[in-house]
Amino acid sequence: MPASFPIYLNACSHGLPSSGTLTRMADYLAQEVVKGSVRALEDNAAEISHVKSLAASLLGSDVQNTGFGVGTVQLWTKVASHLPMLKGRILVSAYEWGEQVRFLERLARPTDCEIEVVPNNPDGSTDLTEWAARIDEDVIAICLPLVSSVAGVRTPVNEILDLDRPDHTVTIIDAAQAIGRVDLSDGISGCDVLVATARKWLRGPRQTAIFSLSFHAQETLGLRAADIEGADVNVALRLGLGMALSEVFDAGIDTIHCKIERLETQLRTGLRDAGFEVVQNGSETVGTICVRIPAQQKKAVVHSLEAAHIVAKWPDAQSDEPFAPYCVTQPLLRLSPHCYNTPEDIERLLDALVRA
């Protein structure tokens with residue numbers, strides 16, 4: 001990354017697209033200038049079609065059951081709005097994204113359906129016995145984030161979906177903080193709906209997202225992938241997404257994961273050596289490091305990061321994950337490096353925090 005660029009440590013919000021992804025979009029728009037949109041679309045039709053095959057391979061799904069959208073919440077709420085809101089319960093993880101939980105609560109308000117948040121163990125890890133005890137014949141849906149947003153807690157999705165559940169139950173997985181970082185190419189057994197923004201670890205353009213929809217979900221919800229996807233396509237964004245997907249396959253998710261993990265290890269060690277408290281909910285985290293900052297120091301930390309040209313995130317845990325077992329008496333600073341970061345970036349961040 002050029003020296004004039006800020007040190008960007010906010011991949012959990014938006015992983016910076018590669019120069020190849022940005023150039024692919026720019027090249028297509030240049031074609032439109034010269035040829036017009038109709039001819040440019042025709043000339044790129046095969047590549048546009050191939051993007052769906054790449055997305056299906058990433059999610060471990062069939063091409064006909066895979067589609068695109070503009071964001072996780074847009075896709076998630078579209079699916080959830082078709083749930084049969086009969087007398088029964090929708091089970092939700094304590095780490096579910098707040099906007100999605102609030103949507104379900106509004107949806108259920110005039111019905112006999114109840115939204116039930118399944119609590120975690122005291123240390124924040126998932127309690128499988130709680131899930132097993134709550135999955136009964138009246139469960140309409142099960143909603144889980146594969147990786148949480150605020151602290152990157154990985155949910156044992158496979159173990160939960162292996163539990164006995166009614167045939168009519170629809171399982172909805174939010175993988176926004178996982179795709180591009182966690183290998184999903186073999187699919188998730190028992191997953192009916194998987195939705196994910198592509199602008200985070202996948203480094204796709206903004207307003208790109210992908211989803212998969214099982215045949216069971218299509219039958220239960222009365223939806224096809226095409227009903228969710230819509231007919232209109234922003235071709236430049238679609239081609240940019242295709243480039244981002246190709247780059248992930250070329251690099252290999254395991255390789256990407258190992259490079260980021262080295263930076264995270266350096267960051268965690270440096271933070272702890274400097275006396276900062278890193279949030280650790282459960283035994284496994286993916287993709288983010290969340291630090292507690294004493295309230296009286298937040299202003300100084302903000303100024304120090306700005307002076308060092310470092311971009312990070314101050315999540316609002318009470319709004320983002322209102323049922324998660326966080327102690328929110330102190331501000332949380334979320335740091336999420338990606339492949340474009342370097343060990344020197346981490347050292348500059350640590351220096352800025354110590355000087356604050």
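Transitive grouping of hydrophobic side chains (ILVMFWY, heavy atoms separated by less than 4.5 Å) brings Val79 and Ile90 into a common cluster. No continuous path of hydrophobic side-chain contacts links Trp97 to Leu75 [ILVMFWY only; heavy atoms under 4.5 Å]. In the hydrophobic cluster analysis, where Ile, Leu, Val, Met, Phe, Trp and Tyr join through side-chain heavy atoms closer than 4.5 angstrom, Ile293 is grouped together with Leu305. Side-chain heavy atoms closer than 4.5 Å link hydrophobic residues (I, L, V, M, F, W, Y) into clusters, and following such links, even through other members, never connects Val182 to Val193. Cluster membership check: Ile310 shares its hydrophobic cluster with Val302, using side-chain heavy-atom separations under 4.5 Å among Ile, Leu, Val, Met, Phe, Trp and Tyr.
When side chains are defined from C-beta on, Leu333 does not count as touching Cys290, because their heavy atoms never get closer than 4.5 Å. Residues Asn158 and Ile188 have side chains in contact (heavy-atom distance under 4.5 Å, counting atoms from C-beta outward). The closest side-chain heavy-atom distance from Leu267 to Leu263 is not below 4.5 Å. Looking only at side-chain heavy atoms (C-beta outward), Arg102 and Ser319 come within less than 4.5 Å of each other. In this structure, the side chains of Met25 and Leu237 come closer than 4.5 Å at one or more pairs of heavy atoms. When side chains are defined from C-beta on, Gln100 does not count as touching Phe103, because their heavy atoms never get closer than 4.5 Å. Counting heavy atoms from C-beta on, the side chains of Leu144 and Thr171 never come closer than 4.5 Å. Residues His14 and Tyr8 form a side-chain contact, since some pair of their non-hydrogen atoms from C-beta on lies under 4.5 Å apart.
Salt bridge status for Glu306 with Lys299: absent, with no side-chain N to carboxylate O gap under 4.0 Å. Residues Asp138 and Lys87 are not paired through a salt bridge, judged by the lack of any N-O separation under 4.0 Å between the basic side chain and the carboxylate. Using a 4.0 Å cut-off between charged nitrogen and carboxylate oxygen, Arg348 and Glu344 do not count as a salt-bridge pair. We find that Glu229 and Lys52 are joined by a salt bridge, their nearest charged nitrogen and carboxylate oxygen being less than 4.0 Å apart. Ion pair Glu114/Arg89 not flagged as a salt bridge, since none of the NZ, NE, NH1 or NH2 atoms sits closer than 4.0 Å to an Asp/Glu carboxylate oxygen.
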- Go through the steps for Leu161 and Ser189 under the test side chain to side chain contact (heavy atoms under 4.5 Å, CB included), then give the verdict. CA-CA 7 Å; Leu161 297 188; Ser189 178; over 6 Å; no

- Task: Please assess Glu264 against Arg181 for the test salt bridge (Lys or Arg N to Asp or Glu O under 4.0 Å), listing each intermediate value before the final yes or no.
- Result: CA-CA 13 Å; Glu264 288 178 346; Arg181 180 72 193 271; 3.3 Å; yes

- Item | Worked check of side chain to side chain contact (heavy atoms under 4.5 Å, CB included) between Leu107 and Met85 | CA-CA 8 Å; Leu107 203 64; Met85 303 299 284; 4.0 Å; yes

- Item | Steps toward side chain to side chain contact (heavy atoms under 4.5 Å, CB included) verdict (Tyr95, Val150) | CA-CA 9 Å; Tyr95 290 107; Val150 174; over 6 Å; no

- Task: Could you please spell out the steps behind the side chain to side chain contact (heavy atoms under 4.5 Å, CB included) verdict for Leu271 and Ile289?
- Result: CA-CA 10 Å; Leu271 288 167; Ile289 295 173; 3.7 Å; yes

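Between Arg134 and Pro119, the closest heavy-atom pair is NH2-CD, 3.5 Å. The shortest non-hydrogen separation linking Ala11 to Ser336 is N-OG, 2.9 Å. Between Gln74 and Thr77, the shortest heavy-atom contact is O-OG1, 3.3 Å. Here the shortest heavy-atom pairing between Thr288 and Cys12 reads CB-SG, 3.6 Å. Of all the heavy atoms in Gly204 and Pro17, the pair that sits closest is O-CG, 3.9 Å. Nearest heavy-atom pair across Val279 and Ala151 is CG1-CB, 4.1 Å.
Between the side chains of Arg334 and Ser13, at least one donor-acceptor pair of N or O atoms lies under 3.5 Å.
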What pairs of donor and acceptor atoms, side-chain ones from residues 54-65 against any protein atom, are under 3.5 angstrom apart with sequence neighbours left out?
| residue | atom | partner | partner atom | Å |
| --- | --- | --- | --- | --- |
| Ser57 | OG | Ser53 | O | 3.0 |
| Ser61 | OG | Thr66 | OG1 | 2.6 |
| Asn65 | OD1 | Gln218 | NE2 | 2.9 |

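Between His338 and Trp201, the angle of the ring planes lies from 30° to 60°, which puts this pair in the tilted group.
Checking side-chain atoms of Asn120 against main-chain N and O of Ser125 turns up a donor-acceptor pair under 3.5 Å. Asn121 places no side-chain N or O within donor-acceptor distance of the main-chain N or O of Asp123, the cut-off being under 3.5 Å. Panel note: side chain Asn341, backbone Pro337; no donor-acceptor pair is recorded below 3.5 Å. The closest donor-acceptor contact from the side chain of Thr269 to the backbone of Thr265 lies under 3.5 Å. Between the side chain of Ser246 and the backbone N or O of Gly242 there is at least one donor-acceptor pair closer than 3.5 Å. Remark: the backbone N or O of Pro205 is paired with a side-chain donor or acceptor of Thr208 at under 3.5 angstrom. For the pair Ser81 (side chain) and Lys78 (backbone), a donor-acceptor distance under 3.5 Å is present. Thr72 places a side-chain N or O within 3.5 Å of a backbone atom of Thr197 that can act as its donor or acceptor partner. With hydrogens and angles disregarded, a donor-acceptor distance shorter than 3.5 Å links the side chain of Glu321 to the backbone of Ser149.
Atoms CG and CD1, on Leu194 and Ile179 in that order, are 8.0 Å from each other to the nearest 0.5 Å. Atoms CG and CG, from Asp186 and Leu184 in turn, are 9.5 Å apart once rounded to the nearest 0.5 Å.
Each side chain to side chain donor-acceptor pair (under 3.5 Å) pair with one or both residues in residues 15-27, not counting sequence neighbours, appears once here: Ser18-Thr21, Ser18-Glu247, Arg24-Asn44, Arg24-Glu47.
A cation-pi arrangement is absent between Arg292 and Phe276 under the rule of less than 6.0 angstrom and at most 45 degrees off the ring axis.
Checking each of Val118, Leu104, Ile172 against Val92 for a side chain to side chain contact (heavy atoms under 4.5 Å, CB included) leaves exactly one that passes, namely Leu104.
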